[in-house]
Amino acid sequence: MNPAARKPVEQLRESMRRDRQWRFMYSTLDLELDVSQGVILYLEGLHVSFDGFKAINDLNFYVNAGELRCVIGPNGAGKTTMMDIITGKTRPDGGTASFGRSIDLLQLSEPEIAALGIGRKFQKPTVFESHTVFQNLELAMAGDKRVFPTLFARLTGEQRDRIHEVLTTIGLQELLDQDAGALSHGQKQWLEIGMLLMQDPQLLLVDEPVAGMTHQEMDRTAELLLSLEGRHSVVVVEHDMDFVRSIAKRVTVLHQGAVLAEGSMDEVQNDPRVIEVYLGE
Amino acid sequence: AEPPIKVGVLHSLSGTMAISETTLKDTVLMLVEEQNKKGGLLGRPLEAVVVDPASDWPLFAEKARELLTQDKVDVVFGCWTSVSRKSVLPVFEELNGLLFYPVQYEGEESSKNVFYTGAAPNQQAIPAVDYLKDELGIERWVLAGTDYVYPRTTNRILEAYLKQNGVADEDIMIDYTPFGHSDWQSIVARIKRFGSEGKKTAVVSTINGDANVPFYKELANQGVTADDIPVVAFSVGEEELSGIDTKPLVGHLAAWNYFMSVDDPNNAEFIETWHGFIKNDKRVTNDPMEAHKIGFDLWVQAVEKAGTTDTDAVQAAIIGLETQNLTGGTARMLPNHHITKPVLIGEIQEDGQFAVVWQTDEEVPGDAWSDYLEGSKDLIADWTPPIMCGNFNTVTQTCLGSEAE
Amino acid sequence: MLQISGLNQFYGESHTLWDLDIEITPGECTCVMGRNGVGKTTLMQCIMGLLPLRSGSLLYRGQDLAKLSAERRASLGIGYVPQGRQIFPLLSVEENLRIGLGARPDRSKQIPGYLFELFPVLKDMLQRRGGDLSGGQQQQLAIGRALVIDPKLLILDEPTEGIQPNIVHEIGDIIRRLMTDLDLTVILVEQKLPFARRVADRFVILDRGRLMATGAIPELTDALVKQHLSV
Amino acid sequence: MVLGRLLRDDRGGQAMLAVLLLVAVLVPILNLVVPEGNPWHVSTYTVTLLGKYLTYALLAVAVDLVWGYLGILSLGHAAFFGLGGYAMGMYLMRQIGDRGVYGHPVLPDFMVFLNWTELPWFWQGFDMFWFAVLMAILVPGVLAFVFGYLAFRSRVTGVYLSIMTQALTYALMLAFFRNEMGFGGNNGLTDFKDILGFDLTNDTTRIGLFLASALTLALGYLACRFIVTSRLGRVAVAIRDAEARTRFIGYRVDHVKLAIFTFSAMLAGIAGALYVPQVGIINPGEFSPLNSIELVIWVAIGGRATLYGAVIGAVLVNYGKTYFTGAFPEAWLFALGALFVLVTLFLPKGIAGLFSQAVTWWRVRRPRERTARVTP
Amino acid sequence: MPTRIPLHRGIWISSLLVLLCLFAVTRVSAEGSETVSFEAALIDLSDPSFAVKQAAVDVIAASGDPRAAALLQALAAGQLYVRDADRALVLVSPSAGDYRLRDALDGSELGEASRREVKKIAINNRMRTQLRTAIAALTLASPDPAVRLRAAQQMLGDPNPLVIQAIRDQLEEEENRQVRDYLTLSLALADLQDPATEIRLRGIDRLSGSLYPAARNGLNRLLSAETDPEVRDAAERARTHIERMRSLNEAAETLFFGLSLGSVLVLAAIGLAITFGVMGVINMAHGELIMIGAYTTYLVQQAMPHWIDYSLFVAIPAAFIVAGLMGILIERTVIRFLYGRPLETLLATFGISLILQQLVRTTISAQNVAVQNPSWMSGSLQINPALALTYSRLYILIFALLVFFALLVILKRTALGLQVRAVAQNRAMARSMGVRSGRVDALTFGLGAGVAGVAGVALSQLTNVGPNMGQAYIIDSFMVVVFGGVGNLWGTLVAGLTLGVANKLMEPWAGAVLAKILVLVFIILFIQKRPRGLFPQRGRAADG
Ligand SMILES: Nc1ncnc2c1ncn2[C@@H]1O[C@H](COP(=O)(O)OP(=O)(O)OP(=O)(O)O)[C@@H](O)[C@H]1O
Ligand SMILES: Nc1ncnc2c1ncn2[C@@H]1O[C@H](COP(=O)(O)OP(=O)(O)OP(=O)(O)O)[C@@H](O)[C@H]1O
Ligand SMILES: NC(N)=O
Ligand SMILES: [Mg+2]
Ligand SMILES: [Mg+2]
């Protein structure tokens with residue numbers, strides 16, 4: 001949804017807020033990520049409804065810096081929608097979302113959010129189909145993404161190495177010159193993960209990374225995500241319990257747009273409510 | 001055998017103007033064929049070279065150049081609308097070609113290389129207004145036109161003329177519409193209101209081409225009949241009427257220099273030849289066709305007189321030549337490259353023809369520069385020595401502009 | 001039920017499926033397995049008629065499918081749940097389901113009620129646009145949609161992808177139940193071994209477009225898995 | 001060197017530029033040196049025609065840049081072309097000076113005869129060549145910038161954007177038709193005499209304009225190559241294929257679009273400015289929406305997203321038009337229409353596609369022979 | 001039609017006519033040809049000079065001869081001819097190539113004659129007015145109320161005292177309400193001229209609230225000369241009242257014009273809303289399909305020249321079928337190879353549009369053709385004297401709505417509608433669900449094309465029919481579909497009507513050209529607010 005579509009009254013109220021920083025008074029590139037409280041993502045009191053259907057309903061969710069967090073929950077619980085909000089794709093009807101203590105995500109556009117260091121892998125893999133695998137990674141690579149720097153950008157040897165490194169990680173080194181459009185479903189999944197790595201974001205949002213992967217590939221993905229822990233914060237959404245088990249420290253269960261349970265894998269797994277709505281016997 | 005004399009035909013066969021121009025292409029082909037039946041010209045056969053400028057003005061210039069330099073034609077008959085003529089004019093002047101332009105236009109031009117066989121404003125607009133004023137007692141005027149130079153200029157001339165004749169400002173309504181305008185509801189309603197204020201009102205229409213059909217349909221549907229508010233048109237002839245259901249239009253007027261209905265042996269013969277040529281005796285003839293016929297006759301005579309098709313020789317020879325027009329008078333090529341024409345006012349009949357209701361006593365000489373416009377009233381054109389100039393200022397006695405060098 | 005023989009397929013110049021000979025036995029569930037990109041989906045699309053074959057034949061109940069269009073195959077009772085769901089995003093859930101009614105042999109104008117028992121979520125969302133559903137909801141819709149045409153042969157390309165665990169489990173049961181209730185034959189593409197083991201009767205393993213192994217599920221040994229399914 | 005980088009993997013472009021160079025060298029010689037009557041003589045008519053095609057080619061390259069690479073199907077590029085043309089036309093009008101039919105020292109003829117008494121403000125400065133050229137670039141650029149700024153910011157995309165560009169050019173057409181606008185209404189601007197003091201009817205002037213067109217086309221082509229081979233070019237293609245996704249990896253899609261769209265509009269403006277002195281008239285018909293559609297078709301015929309294909313398409317279709325309107329005046333629309341249909345059906349990648357197919361075929365067939373010859 | 005004129009009024013009318021006649025005679029005598037008797041006048045009617053004919057008409061009108069009215073009516077209607085052989089006046093009605101003749105004076109049959117044997121008596125504009133006045137005078141007492149109505153209308157505002165007297169007499173007997181209205185109005189107008197203040201006031205009072213232009217003109221005239229402040233005051237008030245009512249009516253009229261223009265846009269666009277909006281084919285040949293519909297109307301009318309009133313009922317299905325089949329042909333031979341490549345449909349269909357245009361030029365003609373309006377499509381529905389809705393526009397507005405709702409039902413309620421939407425969204429998947437996409441495409445494209453053809457029938461009633469007519473609609477049609485929101489039929493309807501009304505609201509003060517430009521600018525700006533049209537597709541699938 002685009003920001004212009006918000007109701008005028010709300011816009012007005014929003015612009016009258018005392019703590020409001022006017023957009024034109026700062027550039028997003030100057031924003032400082034403040035994780036002094038150890039928390040990198042704050043979602044508080046979020047609400048979203050679509051034609052009256054409450055997809056997100058008073059959601060409070062925090063992610064610590066460097067943490068690997070798993071989010072599970074029934075189909076339609078609002079996991080993807082939550083990611084949409086964080087990345088600026090969907091504007092909530094109410095609530096706040098901030099990156100670190102100070103950066104109000106709700107004021108920023110998608111590219112601004114991406115530039116601040118929030119990367120995302122989509123549930124349905126989307127890659128640039130008429131670019132080669134290599135170019136997909138090149139485009140995703142962190143760096144100055146403004147128009148003129150991009151026009152004159154040249155790959156340095158270092159950057160090239162980095163791309164090859166990622167290619168090896170995602171197992172597509174042989175396909176580096178193939179158009180991404182001709183990849184199979186699973187290969188696209190990998191490529192998307194690779195693009196995420198290239199972005200080198202502070203916070204990774206990974207929506208169902210192992211769907212369509214074999215068990216062994218799943219293990220590789222798990223390894224990969226675990227290796228990111230500490231340096232990056234990661235939020236993983238996945239329905240494959242084996243996978244979740246293999247990586248999870250803390251798990252959040254979403255249900256009907258709100259947090260149903262949160263805790264260690266064991267706690268969550270044995271929570272009767274979670275069993276009822278999600279895990280089954 | 002002798003190589004043929006080439007006659008270029010520069011009329012749009014596709015695009016918006018094809019509606020009017022294809023007929024003129026056929027007319028020239030017919031004239032060429034007739035001339036060849038008479039044994040050609042200077043003992044040489046005539047050959048028509050047809051190209052399609054596709055109602056695209058830059059293409060007109062390109063095709064003109066192609067005709068003159070690639071096909072090396074000796075004369076060109078062509079163009080319709082001033083913009084097409086303006087587009088080719090520099091080409092004809094540069095390459096010293098000959099163009100016969102057969103359509104009524106706004107005047108304000110006289111080129112050494114162009115012969116204007118259609119009406120200048122003084123051969124169409126002014127007499128028509130005189131007729132309305134004197135014969136029908138019109139006191140209020142709607143000048144409705146398509147927004148381009150011909151209507152603009154004509155209306156400026158008419159406005160000046162009407163005011164000279166004591167018509168008040170509030171009794172003149174001027175309205176311009178885009179090309180191909182098709183929704184006339186509001187305008188007709190306004191005309192109706194304008195005409196319902198107690199004074200006898202008429203519409204002088206310089207509405208062009210396709211826009212006329214919906215205009216007349218709307219007039220009829222809103223109940224504006226010829227006896228309430230007559231419309232006199234300068235661009236609606238037999239050909240245009242053949243595309244309109246004429247029943248509701250009976251009594252509206254047009255001013256031209258020729259009508260198919262005129263009872264004249266030359267005309268009868270022309271029509272018969274046309275029907276034979278086009279193999280369809282429902283096809284009508286119209287004023288620009290006559291203009292081409294006159295232009296062609298004059299050119300043939302000039303070539304015969306000069307003994308060559310050389311441009312300069314033909315230019316010199318043609319001035320002063322006369323030929324019979326199709327309505328019983330004579331057309332004479334004037335030094336300003338315009339010709340003499342009678343002015344006829346016709347009323348639309350149910351069969352799509354015009355009944356002549358008025359005509360000038362004698363032919364009116366075409367005036368290149370209007371006497372009613374500030375910038376041009378002192379200008380004349382004269383392509384005979386010693387003046388040899390298309391825009392000669394009679395006050396300063398100089399030849400202006402490009403010819404000054 | 002379906003006999004695939006000598007099947008070759010090309011994407012432009014690239015040879016994707018090589019001389020496949022596979023037999024699908026009626027009333028059974030055959031699971032097609034293989035690493036990413038080996039050609040499983042391509043094979044399914046060939047069976048469905050969405051991709052042209054270079055050579056080979058597909059004998060379905062004695063009839064050669066190769067010359068038939070996809071829509072004819074659907075009305076012969078081949079149902080398809082594609083990988084990636086392929087829901088009609090702007091049609092409502094109900095319309096997504098209705099679209100298959102025309103291919104039913106009995107010409108019924110009603111969406112069979114049992115679907116809503118299988119996937120209650122669909123009943124609540126009948127008027128929502130398909131594209132607005134969550135991933136898992138869409139997957140359920142895709143399965144339901146394929147069932148509407150009352151298929152005899154059901155092709156499921158990774159049907160559990162993105163579905164919550166309890167429903168995955170249920171889908172397994174559903175497949176088995178449908179096979180008995182509706183006399184269905186199933187071709188299943190699946191990466192998850194436990195699920196495959198639970199649901200399928202037979203397996204087929206592909207590697208780089210070639211048939212590597214086939215047999216009854218109990219014969220799917222760890223060695224085979226290690227050789228063909230791990231990276 | 002830079003050129004090498006720009007043309008690497010661009011066999012079509014190399015060939016196109018080579019042909020262009022050849023033509024640019026040969027045509028002037030064949031026109032000026034070889035006497036008329038000699039079968040090798042190239043007439044001035046042909047020179048002017050070629051010059052016109054080259055300006056169209058430049059315009060087509062500009063369209064291909066935004067359509068082929070950025071995915072913006074602009075149905076309004078004729079507007080930018082026309083504006084560039086008008087800027088040049090205004091300069092040429094001012095050059096006439098007092099040689100107009102009314103002999104007015106300042107006012108163009110149409111103003112005299114529509115009773116204007118002084119030159120409107122927006123005509124000031126156009127007596128200077130540099131100013132006119134600047135305007136020919138800036139006016140389309142600014143228009144594209146403003147239009148693009150609004151549209152891209154609001155994320156108007158796809159057919160919505162196409163139709164809005166069409167509305168833009170349509171509105172301009174209607175506006176320029178209006179005589180009150182001060183651009184000569186339907187008749188437009190004509191009767192030009194000279195440019196930079198050179199007589200426009202002179203053969204050498206025409207050759208000069210032709211060469212200028214060829215040079216500008218080459219430069220424009222290389223500039224576009226520079227963009228599309230840069231990372232920005234790849235971002236553009238990414239936007240074309242998955243706009244939203246591009247945003248999520250941090251590119252300001254609206255800025256990229258705006259920059260390339262504006263550049264393309266300026267290129268179109270330059271093409272227009274070169275076009276007008278060669279055809280001798282600029283009128284509102286140039287803004288006609290159908291023209292914009294036609295030029296998209298040149299690109300499609302040539303082969304979208306190849307740049308050199310745009311050149312081929314523009315030259316080919318326009319040559320076809322020139323030829324057919326002369327050779328089959330009454331049936332040429334059948335030929336042109338059929339050409340469009342057949343190319344779409346049988347050459348989905350346009351003529352450039354045919355070309356690259358031929359190259360692939362050549363490579364597949366030849367390597368053995370070649371290795372045989374190359375290895376000593 | 002013999003007219004019975006009661007004696008006492010006959011006298012009045014005769015004297016009125018004598019007066020008119022005196023005027024005429026003086027004019028004619030100035031031109032030297034004295035005309036006196038009815039019989040002599042009859043001979044003069046066939047004179048080529050309009051002046052002589054005019055004089056003859058005056059004499060005939062004033063003659064009091066019972067045959068005069070019928071004779072003059074025939075003359076006005078263009079049925080009066082003169083037989084070359086004996087200079088006899090005959091009434092002519094066409095019959096199979098030849099003419100059937102009747103005696104102009106007694107109506108007796110005179111058999112058939114070829115076209116060459118008789119010559120029409122031409123009249124001009126001035127004579128038409130003269131005839132109308134004369135006929136009005138002769139028929140004010142006609143037993144036929146319609147005739148009386150026409151007469152009363154014609155006499156409206158005539159200041160001639162004799163006319164006024166005739167009106168006054170007729171009013172005493174008149175029973176028809178409408179005729180009475182006119183007569184009363186005439187008298188009220190006459191009152192305004194009266195020297196007596198109270199009569200003038202009475203006149204003003206009667207005129208107040210009348211929407212006839214004559215009423216306002218009468219008041220204006222009065223005000224320009226009136227000195228009595230009381231009368232002035234009353235007249236001012238009456239005039240203001242009238243102006244206010246008239247402007248209300250004008251507003252209603254403008255709204256109607258807008259809706260009507262909008263309905264034309266909707267009709268032109270609605271087929272495109274299917275081929276483009278639903279199927280995604282950028283159909284540049286849409287305009288030519290409209291053209292085909294219009295030409296079908298023309299051909300139908302050619303085939304049934306004597307049944308023009310019914311021709312549209314044949315033309316509508318015929319145009320639907322012809323254009324629809326043409327659409328199917330285009331779809332099967334070209335477009336079906338282009339699905340998934342929407343932009344290339346633009347290229348191919350543009351080529352097709354060129355071919356179709358040229359095809360019409362070569363097979364029919366490059367000129368426009370004349371399509372007639374059935375009588376029921378002509379004229380207007382007079383709501384009140386200041387507000388009339390033209391029938392053609394009214395019917396087309398209704399027709400557009402009918403077509404719209406029919407399509408809506410097809411797309412929303414039938415299997416075809418569902419299938420076409422499914423195919424448009426995901427062809428492969430639709431086929432996997434058993435949708436015969438080839439058939440659906442052909443039918444849908446045929447439907448869109450057929451609707452375009454039907455639009456052509458409607459447009460042929462309003463505007464010209466020629467090879468270029470399609471070009472005039474293509475730009476607007478795309479604009480309407482896109483403005484409304486691609487894929488949304490309601491959007492097309494609302495967008496078309498909105499643009500129509502907006503255009504017509506602006507036209508009076510901006511002029512036709514500027515209004516169009518402003519509408520375009522408005523659309524461009526509006527799209528900034530709603531980047532996907534008035535009724536956008538919403539939800540997850542739509543963004544991206
Ligand atoms: N644009 C929309 N319009 C209507 N409903 C929507 C829209 N977007 C999401 N929803 C609904 O919101 C709910 C949450 O969807 P979301 O995609 O976030 O679920 P999820 O938790 O990601 O599920 P899954 O695990 O199946 O992917 C779903 O019921 C979905 O149908
Ligand atoms: N449209 C296409 N054009 C060219 N190559 C393709 C195309 N689609 C798939 N391929 C290639 O064909 C091979 C087989 O793809 P396919 O989608 O059948 O694999 P898959 O076995 O289904 O893999 P996954 O498990 O990832 O879904 C892959 O290597 C892929 O890159
Ligand atoms: N000059 C004209 N008639 O357009
Ligand atoms: Mg999800
Ligand atoms: Mg697959």
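In what follows, every chain begins at residue 1, and chains take the letters A, B, ... in the order their sequences are listed.
For a residue to count as touching a neighbouring chain, one of its non-hydrogen atoms must lie under 4.5 Å from one of that chain's; by this rule E/Gln461 touches chain B with the backbone only. Heavy-atom distances place both the backbone and the side chain of B/Glu197 under 4.5 Å from chain E. Looking at B/Phe215, neither its backbone nor its side chain comes within 4.5 Å of chain E, counting heavy atoms on both sides. Only the backbone of E/Met377 has a heavy atom closer than 4.5 Å to any heavy atom of chain B. With a threshold of 4.5 angstrom between heavy atoms, E/Leu261 approaches chain B through its backbone and through its side chain. Using a 4.5 Å cut-off between heavy atoms, E/Val513 touches chain B through backbone and side chain atoms alike. Proximity to chain B is limited to the side chain of E/Arg361, based on heavy atoms less than 4.5 angstrom apart. Contacts between E/Glu253 and chain B at a heavy-atom distance below 4.5 Å involve the side chain alone, from C-beta outward. In this structure, chain B has no heavy atom under 4.5 Å from any part of E/Thr362. Neither the backbone nor the side chain of E/Asn503 comes within contact range of chain B; no heavy atoms are under 4.5 Å apart.
Residues E/Pro385 and E/Arg246 fail the side-chain proximity criterion, which asks for heavy atoms closer than 4.5 Å.
Taking the ring centroids of B/Trp256 and B/Phe354, they lie at or beyond the 6.0 Å cut-off.
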